[in-house]
> 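Below is one structure. I have some questions about it.
Numbered from 1 within each chain, the chains take letters A, B, ... in sequence-line order. These numbers were taken from a predicted model, which means no experiment stands behind them. Heavy atoms only: backbone and side chains are in, while hydrogens, waters and symmetry mates are out.
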2 protein chains.
Amino acid sequence: MKQKKAIVNKLRSSGLRPTKQRVLIAQNLFERDKTFHFTVETLNKEINKKGSEKVSLATVYNTVEAFTKAGHIKQILTSKSKSYFDTNIKSHHHFYDEDSKELTDINYNQVKLSKVPQPPKGKKIKNLEVVIRLQK
Amino acid sequence: MKQKKAIVNKLRSSGLRPTKQRVLIAQNLFERDKTFHFTVETLNKEINKKGSEKVSLATVYNTVEAFTKAGHIKQILTSKSKSYFDTNIKSHHHFYDEDSKELTDINYNQVKLSKVPQPPKGKKIKNLEVVIRLQK
DNA sequence: CTTCTAGTTTATAATAATTCTAAACTATAA
DNA sequence: TTATAGTTTAGAATTATTATAAACTAGAAG
Ligand SMILES: [Mn+2]
Ligand SMILES: [Mn+2]
Ligand SMILES: [Zn+2]
Ligand SMILES: [Zn+2]
């Protein structure tokens, strides 16, 4: 609501027209205090809550794809059956709670690696992510 | 072929009847030199290669599920669209080649962590896995 | 401001991976 | 040998996702 200008600029600067639907979704995603880990299904439910103007599921898919390509969100691998996305686009690690199936961010500097294998010849390390699985 | 007895015992000891199909699949999976990272699709192709007796796709799915439940293979997360499985059930790490989309094992002791965050209250660390993404 | 058009949204169809169903088959206990 | 619970199978159903194509709209150009 407040930073609508900023949202519109963010979209424009990545070549995305600030349509009603994209602005609505961007506000939901980026005007949060905490990192949001979500699937298209959960995002769609939030966006289409009672009272709000309806946005089609296809548009939610399209927008998530567009935001991912633009680097505003990133895809993460946690579930075998659904794609998950993350509003935290910095390199970081995760706790994955096996009971609740929920992800929590771990700051990059909260993990230190003192030994890492050499990448195979001709290949470079693009990034390194740690997933810590939790149980009760 | 050679260790058919061992395969049969492995199945029996986990409460699985050693049917023709399960033994065939188990031989393909467990009589290998190297770790095998696979999808149901690739496994099904191998199992149903020319000449061999046909096993239905449903059975390949059923068997992979049964072997996973029994702990003979484990599921891993690399692809957003397909389930991947691993014949290496020990805790270990992976290189993931973004170009070829191929996984390679990294021995557990090839990676050393000198700093790991505390798990949240009431939760224990079940395991910790590192994925190193590679690029050219 | 009006017009024009490429970009976007949308309902719906199509696809792909996986799971379900129920009938036929089989390993094995008795 | 028989009985039965477990297993296999073809095909249908389901679920997530992508494709299609017609209607709509942001915003550039006049
Ligand atoms: Mn979710
Ligand atoms: Mn594969
Ligand atoms: Zn995150
Ligand atoms: Zn592996």
> Choose from D:dT9, D:dA16, C:dT10 the nucleotide whose nearest atom is closest to any side-chain atom of B:N62.
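That would be D:dT9.
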
> Of the nucleotides D:dG6, D:dA16, C:dT10, which one has an atom closest to the side chain of B:R17?
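It is D:dG6.
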
> From C-beta outward on B:A58, which listed nucleotide comes closest to its side chain: D:dT8, D:dA10, C:dT18?
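Nearest to the side chain of B:A58 among the choices is D:dA10.
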
> Which residue lies toward the 5' end of DNA chain C, B:K20 or B:K82, if each is placed at its nearest nucleotide?
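Result of the comparison: B:K82.
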
> Measure NZ/B:K54 against P/D:dG11 and give the value in whole Å, please.
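Interatomic distance, NZ of B:K54 to P of D:dG11: 16 Å.
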
> Could you give the CZ-to-C1' distance, from B:F85 to C:dT18, as a whole number of Å?
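Value for this atom pair: 10 Å.
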
> Under 3.5 Å, side chain of B:H93 to main-chain N/O of B:V130, donor-acceptor pair present?
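Such a contact is found between B:H93 side chain and B:V130 backbone.
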
> Using atom OH of A:Y84 as one end and atom P of D:dA16 as the other, report the distance to the nearest whole Å.
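That distance rounds to 10 Å.
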
> Any idea which of D:dT9, C:dT10, D:dT7 is nearest the B:S56 side chain?
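Of the options given, the side chain of B:S56 lies nearest D:dT9.
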
> Quick one: A:L11 CG to D:dA26 C1', roughly how many Å, whole number?
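From A:L11 CG to D:dA26 C1': 13 Å.
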
> Just to be sure I understand the rule, does A:T19 reach a base, reach only the sugar-phosphate, or reach nothing, if contact means heavy atoms closer than 4.0 Å?
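The residue A:T19 makes sugar-phosphate contact but no base contact.
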
> For B:L16 and B:L57, take the nucleotide of DNA chain D holding the closest heavy atom to each; which residue's nucleotide lies nearer the 5' end?
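That would be B:L16.
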
> Is there a side-chain polar atom (N or O) of B:T59 under 4.0 Å from OP1 or OP2 of D:dT8?
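It does not, given that no N or O in the side chain of B:T59 lies less than 4.0 Å from OP1 or OP2 of D:dT8.
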
> In whole angstroms, how far is the P atom of D:dA26 from the CG atom of A:L24?
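In whole Å, D:dA26 P and A:L24 CG are 14 Å from each other.
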
> With respect to the phosphate group of C:dA17, does any side-chain polar atom (N or O) of B:T39 fall under 4.0 Å of OP1 or OP2?
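Answer no for this pair, as no side-chain N or O of B:T39 is under 4.0 Å from OP1 or OP2.
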
> Using OP1 and OP2 only, check whether a side-chain N or O of A:R12 sits under 4.0 Å from D:dA26.
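Negative; the distance criterion is not met.
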
> Tell me whether the NZ or CZ atom of A:K74 lies within the 45° cone about the ring axis of A:F85 and under 6.0 Å from its centre.
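No, A:K74 does not lie over the aromatic ring of A:F85.
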
> Without decimals, in angstroms, what is the distance between B:Q75 CD and C:dA17 P?
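Taking CD of B:Q75 and P of C:dA17, I get 15 Å after rounding.
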
> Which of the following nucleotides, C:dT10, C:dT28, C:dT18, is nearest to the side chain of A:Q21?
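Of the options given, the side chain of A:Q21 lies nearest C:dT10.
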
> At under 4.0 Å, does any side-chain N or O of B:S83 touch on OP1 or OP2 of C:dA17?
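No, outside the criterion.
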
> Take a 6.0 Å sphere around NZ of B:K90 and say whether it holds more than 12 heavy atoms from other residues, nucleotides or ligands.
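Counting neighbours around NZ of B:K90, 12 or fewer heavy atoms of other residues, nucleotides or ligands fall under 6.0 Å, so no.
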
> Could you please spell out the steps behind the side chain to side chain donor-acceptor pair (under 3.5 Å) verdict for B:Q21 and B:T63?
CA-CA 9 Å; B:Q21 294 88 340; B:T63 304; over 6 Å; no

> Can a side chain N or O of A:R22 be found less than 4.0 Å away from OP1 or OP2 on C:dT8?
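True: A:R22 side-chain N/O within range (under 4.0 Å) of C:dT8 OP1/OP2.
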
> Apply side chain to side chain donor-acceptor pair (under 3.5 Å) to residues A:S14 and A:H72 and explain how you reach the verdict.
CA-CA 9 Å; A:S14 49; A:H72 300 315; 2.9 Å; yes

> Nearest whole angstrom, please: distance from the C1' of D:dT7 to the CD of B:E65.
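The distance from CD of B:E65 to C1' of D:dT7 comes to 13 Å, rounded to the nearest Å.
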
> Grab the OH-C1' distance between B:Y61 and D:dT7 for me, whole Å please.
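Computing the B:Y61:OH to D:dT7:C1' distance gives 19 Å.
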
> On the 0 to 90° scale, with breaks at 30° and 60°, tag the A:F38-A:F36 ring pair as parallel, tilted or perpendicular.
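Aromatic pair A:F38/A:F36 classed parallel.
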
